[in-house]
Amino acid sequence: MPHAALPHQFERLPTSVIPSHYVLSFKLDLVKCEFEGQMTVDLEFFLPSVTEATQHIILNSVDLKVRHIELHLDDGTLFLPSKVIFAVKCETVAIFFASEVPPGRCKLSISFKGVLNDSLRGFYRSKYISNDTKEERFCAVTQFEARFAHRCFPCWDEPAIKATFDISLCVPKGRVALSNMPTMREEDLPDGSRLVQFETTPVMSTYLVAMVVGEFDYLEKMTVDDVPVRVYTPLGKQEQGRFALDVAMKALPYFKECFQISYPLPKLDLVAIGNFSAGAMENWGLITYREPCLLVDPENTSTQRKQGIALYVAHELAHQWFGNLVTMEWWTHLWLNEGYATFVEFLCIACLFPEYDIWTQFITETHSPALRFDALKNSHPIEVPVSHHLEAQEIFDDISYHKGASIIRMLHRYIGDQDFSRGMNIYLSSFQFGNATTDDLWTALEEASKKPISEVMSTWTRLVGYPLITVRCEISGNARKLFLKQSQFCADGTSADSDDTDSKLWMIPVEFSSAGSPLQVACVHLVCAKEATVIIDDIRQTDWIKLNPGSFGFYRVHYSPEMLEMFKPAISDLSLPPIDRLGLLDDLFALVEAGHCSSDQVLVLLDAMRNESDYTVWNCIASVLVKIQKLLQYSHDVQPLFMGFGRHLLSQVSQSILWDPVPNESHKDKLLRQVIIDLLIIFEDESAFDESRKRFNAHVNGTSPLCPDIRGFVYRAVLRKADAATYEIFLKMFREEMLHEEKERIAHGFAAIEDADLLKQALDFAVSDEVSSLTTLSLLVAMAQSKKGRDLVWTYSKENWTALHEKYGPSVILSHFITASFQDFTTEQMADQLQDFLATNEAGGVERAVQQTIEKVRINKAWLSRDLHRIKTFLENFQ
């Protein structure tokens, strides 16, 4: 069959041929790690404005060896291809016929062959060690989002081109075979393999098709609607799936009530996979997770990880409605899937686990990261034009997930829970088993709330960035006159271009609270002007006024010095609510980085927070302290002074922190222990090092196992000053460990090593076959958090970029690796090196991440140039 190169000309597939039903069969060889496939798809040739016929079909395919193609019309006429042209860059295949195919229905049959590779995309292999024989084995797993289904079978791999699917798998005996739907029939075959056929799926997008083949145990429960829910685990680990199963059983009825629509499929499986690129993937009816994102070992899983698993489960279950039942029309609207699911996961977990205080954690884990990301010039709108699948991969980021969730939370606050729920039901009911756009969502919410949702929200989704509200006040008796001014906030401190400024005005729901009623909103205004004046009555002259209480609005606030000063007593005596204490610090620190305020102002505020006892606030304090500490790594005379300042801030709270769990302690107190001990080690508290060494020795000797909440921090403390013998102890621990979460803890500990030779050995270990491909990247990121490690990882990345890009790119994990590893450089020379690197290396799918990293490096450089002397002066006087 002839093959030729097709120019890079196809982006969206033509609409002249529409599939309606796929019949897919696969035969897997888990030893050779390959598969054979057969596909028959029902098509309709459809030309809406003309009746003429066509001579070709274009669909998506890449990395598949196509063996045979036939096209059958309903009347029995057979068409064989005259030529087949593959466009590698476009990942399409064009099938040409010698004569015209008339409009109407037909069946396209294709046989093909593929490889189960290690790319973590398409149909790939995941390595594991057999429990009984300790042999190296492979399971087969699919990962099709964003556009990877056509790496498994030729298809129309676009979210709007939905169809039904009949899937069958021929697998080795003794292997579990799973897909989106329940098993319909099983049969043992003469060659010793087993055929598994699954029921027909509902209409769905190709990226949600899923298959898993491997060795698994499972736990099962039945919902009140008679839907079996199973959690599949590696053999011998089924009890580690208990917590996730319990969360799923509570979350399903929650979402049924929330959406007023029952779970749409006849079964639900959650599967733990050893090597998986994302935390989880919402395949309809067959959700796949990385093992540490699903399994809970009561003796070894930390409190933070267990909470994260609850959020992961809720997020993927929300997708079963929002994303799977109703799917975005194109990747431009990805945020409809991810932003909404991120918001709803918190909504669900707040209901199921009120002790988590999860909405306050939302600010530090979701809201603040989105604000930091979206202040970059190299950010992008929530609704971003996508013309190529590489661009789709780049937008699985903090904008689609975290900014999307934050503006949905702001909207939820604006219209109220009842109208919001009613609007979501209208949206899901109207578009179920179909596709929708952002405007469709606004229309549904407008119908439910009778409020101008589209007018309010359009700027939030279609503009890059967000507003900064600068506020000053005048006191007149018991009234305050607030003067508000909005402008776009930019991380580098510059303003929006003058010719673009007028168009960048947001309609902002502005709320206020005051010292007299810190938990109540004083008033709400919709501000859509450069400047506005608001009068608040019945305020005492000594009372503070807080804009954006609860951080519901997606904007930052710049207070006048006088207004900021009035918060200090309420911060020290903790009368300002925790969510507002951390919001105040987060905004001020962002203003300092951008040059709107000086660094000593945030240091003064940090000193005022030394009485702090709330986990969420300390989490914010930690992010500020660690960011400054990383930048000062390049200033050897200032760094020791700042380390002392950090220990000073920790001196009071550390007295109340016990290293061992306390009976009946709260969930947040467990998390507080983690963040404080982590900071004590980062800021080189000698008593923390001594305690770590003592506890590690008892752990290794088997006399007193380390609490999982502090285990990773202790490992880092011990490894920081490690010699060769200690290094070998940790290597032995890693090699003997079977729990993925614990292996990651041990591996990440190597990043703390200070000895240059041992650190180089650790890097060689990180990139060896002993370490899973995902742990390799996360370990390199961990190494790059120190100056010495950052230089080492940068050198390695430059020398091995082609292999890294081929193995991991284009992907979210490679983009994260770039930004997380290199964003803390501080010189123009490094920014230039990154720019040269981008210009001279293949960086398809990660260009935006490189540009964002360059921008962050230049922001760091400007900040240190501007404020280093001021920081040094403050710290010297503080001593």
Side-chain angles (χ1 to χ4, degrees), residues 10-13 59-64 87-92 117 119-124 141-163 180 204-211 276-284 286-290 315-316 319 322-324 326-342 380-402 404 435-438 774 805 807-817 843-849:
F10 297 113
E11 299 295 349
R12 297 288 293 267
L13 293 173
L59 64 159
N60 297 115
S61 181
V62 70
D63 291 343
L64 294 173
V88 177
K89 286 189 176 181
C90 294
E91 301 186 357
T92 56
N117 57 34
S119 67
L120 306 179
R121 56 189 177 179
F123 208 1
Y124 73 95
V141 188
T142 56
Q143 170 58 36
F144 289 167
E145 191 178 30
R147 290 178 74 249
F148 298 143
H150 62 279
R151 292 177 176 271
C152 176
F153 60 97
C155 59
W156 284 257
D157 205 2
E158 296 184 2
I161 307 179
K162 290 190 169 187
N180 305 84
M204 59 190 287
S205 302
T206 49
Y207 80 89
L208 295 170
V209 173
M211 296 171 286
F276 194 73
S277 61
M281 174 60 204
E282 68 267 20
N283 314 298
W284 216 357
L286 180 59
I287 306 172
T288 42
Y289 296 81
R290 273 197 305 126
H315 181 99
E316 306 308 330
H319 272 312
F322 214 95
N324 299 4
V326 178
T327 311
M328 74 253 156
E329 188 275 336
W330 180 242
W331 300 108
T332 291
H333 307 284
L334 173 69
W335 86 279
L336 281 176
N337 279 16
E338 301 302 348
Y340 186 81
T342 302
H380 61 83
I382 283 181
E383 292 183 87
V384 58
V386 173
S387 60
H388 193 276
H389 71 96
L390 292 179
E391 295 171 352
Q393 287 300 120
E394 286 189 307
I395 62 172
F396 283 80
D397 59 15
D398 280 341
I399 299 301
S400 297
Y401 284 77
H402 294 162
N435 300 80
T437 67
T438 300
L774 282 178
H805 190 262
K807 186 172 185 177
Y808 296 104
S811 69
V812 177
I813 56 174
L814 187 59
S815 292
H816 173 73
F817 164 72
V846 297
E847 296 99 329
R848 193 191 300 273

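Below, all heavy atoms of this structure are taken into account, side chains as well, without hydrogens, waters or symmetry copies.
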message: For Leu13, is there any backbone N or O sitting under 3.5 Å from a side-chain donor or acceptor partner on Glu158?
response: yes
- request: Keeping the roles fixed (side chain from Gln143, backbone from Glu145), state whether a donor-acceptor pair exists under 3.5 Å.
  value: yes
- prompt: Once you round to the nearest 0.5 Å, how far does CZ of Phe153 lie from CE of Met211?
  reply: 6.5 Å
message: Keeping Asn435 on the side-chain end and Pro159 on the backbone end, is there a donor-acceptor pair under 3.5 Å?
response: yes
field: Atom pair CD1 (Ile399) and NE2 (His380), whose distance is rounded to the nearest 0.5 Å
entry: 5.5 Å
task: Side-chain contact test, heavy atoms from C-beta onward, threshold under 4.5 Å: evaluate it for Leu814 versus His805 and give yes or no.
output: yes
field: Met281 and Leu208: CA distance, side-chain angles, deciding distance, side-chain contact (heavy atoms from CB on, under 4.5 Å) verdict
entry: CA-CA 9 Å; Met281 174 60 204; Leu208 295 170; 4.1 Å; yes
message: Determine whether a donor-acceptor pair (N or O, by modelled atom type, separation under 3.5 Å) exists between the side chain of Glu282 and the backbone of Glu316.
response: no
query: Is it true that the side chains of Thr142 and Asn283 contain a donor and an acceptor less than 3.5 Å apart?
result: no
message: Could you tell me if the side chain of Asn180 sits less than 4.5 Å from the side chain of Val209, heavy atoms only?
response: yes
query: Does the ring centre of Tyr207 sit less than 6.0 Å away from the ring centre of Trp284?
result: no
- request: Report yes if the side chains of Trp331 and Arg147 come closer than 4.5 Å at any heavy-atom pair, otherwise no.
  value: yes
field: From Leu59, Asn60, Thr92, Val62, residue fulfilling side chain to side chain contact (heavy atoms under 4.5 Å, CB included) relative to Asp157
entry: Asn60
task: To the nearest 0.5 Å, tell me how far Ser815 OG sits from Glu847 CD.
output: 9.0 Å
field: Interatomic distance, Ser205 atom OG to Ile161 atom CD1 [nearest 0.5 angstrom]
entry: 9.5 Å
- request: Would you check if Arg151 and Phe123 make a side-chain contact, meaning some heavy-atom pair closer than 4.5 Å?
  value: no
task: Measure the spacing between CG of Asn117 and CG of Asp63 and express it to the nearest 0.5 Å.
output: 7.0 Å
- prompt: Is Arg290 close enough and on-axis enough to Phe276, meaning under 6.0 Å and within 45°, for cation-pi?
  reply: no
- line: Closest heavy-atom pair, Ala280 versus Tyr289, reported as atoms and distance to 0.1 Å, is CB-CD2, 3.3 Å
- prompt: Between Thr438 and His333, is a side chain to side chain donor-acceptor pair (under 3.5 Å) present by the stated rule, with each step listed?
  reply: CA-CA 6 Å; Thr438 300; His333 307 284; 3.2 Å; yes
query: Parallel, tilted or perpendicular: which fits the ring planes of His315 and Tyr401, with parallel below 30° and perpendicular above 60°?
result: parallel
task: Would you indicate whether the side-chain heavy atoms of Thr206 and Trp156 approach each other to under 4.5 Å?
output: no
message: According to side chain to side chain donor-acceptor pair (under 3.5 Å), who are the partners of Thr327, at least two apart in sequence or on a separate chain?
response: Lys162
query: Do His150 and Leu64 have side-chain heavy atoms sitting under 4.5 Å apart?
result: no
field: Check: Leu120 and Leu774 side chains under 4.5 Å, non-hydrogen atoms
entry: yes
